[in-house]
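Heads up, the thing below is written out as structure tokens.
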Amino acid sequence: MQRRDFLKKSALLTATTGLTVTLGKESFADSPKPAANFPGKEGKTYPGWGDAAVEHLTTYCPDFADNNLWIRKDNQIVTVYRTNPNQKYPYLYPLIGPVSRVSVTTESAQPWPHHRSVFMGVDKVNGGNYWQEGNDRGQILSQNVKVLDAQQNRVEFTDSCLWKKPAEDPIIADERRYVLDWRSDNYYVLDSYFSIKMLTDITIQKTNHGFFGVRVDQDLCPLGGGNLVSSEGTSGEKETFGKPAKWMAFYGKRRFNPQITEGVAVFSPPEKPFKDCPWFTRDYGNISPMPFLFIKDGETFEFKKDFVLEAVYRTVVFAGTPEDVDLDGLWNEIYG
């Protein structure tokens, strides 16, 4: 992807296909009305503005939720990009199953409640911690959420973030772009693009806390009755931990409706320093391609000032099992 495309800026867009975008202090009710006769499920038409369960995405930032970005489909929540300045870092929660409409991720859960659904951060960065513990150790602070594109089944938005400790200058600035693409009734993809600029010389020590991670709901992970599998045909924490793989996936029967099976897969980027990256996996529900753990004791990652680290992570949320969705094909689609 071209850097100019990644960093491009665009005014907020109100799509003509029935998707609405409002940001800032505008209210949801005051946003432009969608066109009449919007096609919905089973050939029905969209009767007008309101709470009708229409088959499209709506994207908006209500005034009561700071600058959080809400994305809905069929007037049901799909995900929220959460940016409260009191948080450790921005993150996405929920990430709903395409059939159950129940989240496949958890916002915070034992035994490690600092894992928040779909998140990114790193511990042991210049003596700070941008993954867990108190905000005094460091935060990743959202600066400017923008919606770039809004279509019937696709939303693209960006954010600019600063990594800093309170009352200190930031040490890292990142530009991130997210694309949520609802492909069918059985799966959708979330692509997360990161461009991370070092504002000073950066040292990251060996740590199992970083980089991009997903924490799934209990019913999808092995300790809750679900399954953990990899692109290499291995399964469970014992067989997958510390091993490279193109993707890792959790799936299982949903606890409130065992007739539904859903899952989530995370893809590992092929570029350095993530090429052949070993995975951090846990049977309790965490998966993350982990470049900063599997090095020798005493070794560090060094990034000079002004260096830009870029990475793209694809997350796939699907109904059924990994065999029901072409994960290898979806990996090749974005990385091949």
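- Leu141 and Leu92 fall into different hydrophobic clusters, where Ile, Leu, Val, Met, Phe, Trp and Tyr residues are linked whenever their side-chain heavy atoms come under 4.5 Å apart, directly or through other members.
- Under the 30°/60° scheme for interplanar angles, the aromatic rings of Tyr313 and Phe194 are found to stand perpendicular.
- For Asp74 against Arg101, the heavy-atom pair with the smallest separation is OD2-NH2, 2.9 Å.
- Side chain of Lys73 to main chain of Pro98: no donor-acceptor pair is present (N/O by atom type, distance under 3.5 Å, no hydrogens or angles).
- Linking Ile, Leu, Val, Met, Phe, Trp and Tyr whenever their side-chain heavy atoms come within less than 4.5 Å puts Ile172 and Phe307 in one cluster.
- With hydrogens and angles disregarded, a donor-acceptor distance shorter than 3.5 Å links the side chain of Trp331 to the backbone of Ser268.
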Please test Tyr187 against Leu330 for side chain to side chain contact (heavy atoms under 4.5 Å, CB included), starting from the C-alpha separation and ending with a verdict.
CA-CA 11 Å; Tyr187 82 96; Leu330 291 172; 3.9 Å; yes

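- Seen from the ring of Phe267, Arg314 does not count as a face-on cation partner, given the 6.0 Å and 45° thresholds.
- Aromatic rings of Phe292 and Phe280 (six-membered ring for Trp) have centroids beyond the 6.0 Å cut-off, not under it.
- Considering only heavy atoms from C-beta on, Phe250 stays 4.5 Å or farther from Asp219 through its side chain.
- Here the rule is side chain to side chain contact (heavy atoms under 4.5 Å, CB included) with Tyr251, and of Leu228, Val216, Thr321 only Thr321 fits it.
- Between the NZ atom in Lys197 and the CG atom in Asp174 there is a gap of 12.5 Å [rounded to 0.5 Å].
- Not counting sequence neighbours, Ser231 has no partner by the side-chain hydrogen bond (donor to acceptor under 3.5 Å, both in side chains) test.
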Worked check of side chain to side chain contact (heavy atoms under 4.5 Å, CB included) between Asp306 and Met198:
CA-CA 5 Å; Asp306 295 326; Met198 315 304 165; over 6 Å; no

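- From Lys146, atom NZ reaches atom CZ of Arg177 across 15.0 Å, with rounding to the nearest 0.5 Å.
- Side-chain atoms of Tyr335 come within 3.5 Å of backbone atoms of Val312 as a donor-acceptor pair (strictly under, hydrogens ignored).
- Taking the side chain as every heavy atom from C-beta outward, Tyr193 and Val179 approach each other to under 4.5 Å.
- Between Val264 and Phe318, the shortest heavy-atom contact is N-CE2, 3.5 Å.
- The shortest side-chain heavy-atom distance between Phe211 and Ile196 falls under the 4.5 Å cut-off.
- Between Trp279 and Pro289 there is a side-chain heavy-atom pair separated by less than 4.5 Å.
- The backbone N or O of Asp201 lies less than 3.5 Å from a partner atom in the side chain of Asn126, making a donor-acceptor pair.
- Across every non-hydrogen atom of Leu327 and Pro322, the tightest pair is CD1-CB, 3.9 Å.
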Could you walk me through whether Val104 and Asp217 pass the side chain to side chain contact (heavy atoms under 4.5 Å, CB included) check?
CA-CA 5 Å; Val104 298; Asp217 205 8; 5.8 Å; no

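- Looking at residues two or more places apart in sequence or on another chain, you find no salt bridge (Lys or Arg N to Asp or Glu O under 4.0 Å) involving Asp276.
- Under the 3.5 Å distance criterion, the side-chain polar atoms of Glu299 are matched with a main-chain donor or acceptor of Lys296.
- Checking side-chain atoms of Gln205 against main-chain N and O of Thr203 turns up no donor-acceptor pair under 3.5 Å.
- If you chain together ILVMFWY residues whose side-chain heavy atoms come under 4.5 Å of each other, Ile260 ends up grouped with Val99.
- Leu220 and Gly263 get closest at one heavy-atom pair: CD1-CA, 4.3 Å.
- Within 6.0 Å of atom NZ in Lys206, more than 12 heavy atoms from other residues, nucleotides or ligands are found, so the atom counts as buried in its surroundings.
- With Phe119 as the fixed residue, the ring-ring contact (aromatic ring centres under 6.0 Å, His included) test singles out one of Trp131, Tyr93, Tyr91, Tyr130: Trp131.
- By the 4.5 Å heavy-atom criterion applied to side chains, Lys88 and Asn135 are counted as neighbours.
- Distance CD/Glu262 to CG/Asn186: 10.0 Å, rounded to 0.5 Å.
- Residues passing the ring-ring contact (aromatic ring centres under 6.0 Å, His included) test with Tyr81 are Phe157, Tyr178, sequence neighbours excluded.
- Between Asn144 and Ser160, the side chains place no donor N or O within less than 3.5 Å of an acceptor N or O (distance only, hydrogens not considered).
- Hydrophobic clustering (side-chain heavy atoms under 4.5 Å, transitive across Ile, Leu, Val, Met, Phe, Trp, Tyr) groups Val122 together with Leu309.
- To the nearest 0.5 angstrom, Tyr188 atom OH is 13.0 Å from Asp185 atom CG.
- To the nearest 0.5 Å, atom CG of residue Leu57 and atom CZ of residue Arg154 are 11.0 Å apart.
- Applying the 6.0 Å contact sphere to CD of Gln259 captures no more than 12 heavy atoms from other residues, nucleotides or ligands.
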Could you walk me through whether Asp191 and Asp181 pass the side chain to side chain contact (heavy atoms under 4.5 Å, CB included) check?
CA-CA 8 Å; Asp191 293 334; Asp181 189 358; over 6 Å; no

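- Looking at heavy atoms from C-beta onward, Ser117 lies out of side-chain contact with Glu107 at the 4.5 angstrom threshold.
- Note that the CD1 atom of Ile171 and the CD1 atom of Ile202 stand 4.0 Å from one another [nearest 0.5 Å].
- Glu175 places none of its side-chain heavy atoms less than 4.5 Å from the side chain of Thr158.
- Evaluation of the salt bridge (charged side-chain N to carboxylate O under 4.0 Å, His left out) test over residues 226-237, restricted to residues two or more places apart or in two chains, returns Glu237-Arg282.
- The two residues Ile140 and Cys161 come nearest to each other via the heavy atoms CG2-CB, 3.8 Å.
- Between Thr261 and Arg254, the closest side-chain pair of non-hydrogen atoms is not below 4.5 Å.
- Panel note: side chain Thr207, backbone His209; a donor-acceptor pair is recorded below 3.5 Å.
- Closest of all the heavy-atom pairs between Trp182 and Ile96 is CH2-CD1, 4.2 Å.
- Applying the side-chain hydrogen bond (donor to acceptor under 3.5 Å, both in side chains) criterion to Thr234, with sequence neighbours excluded, gives Ser230.
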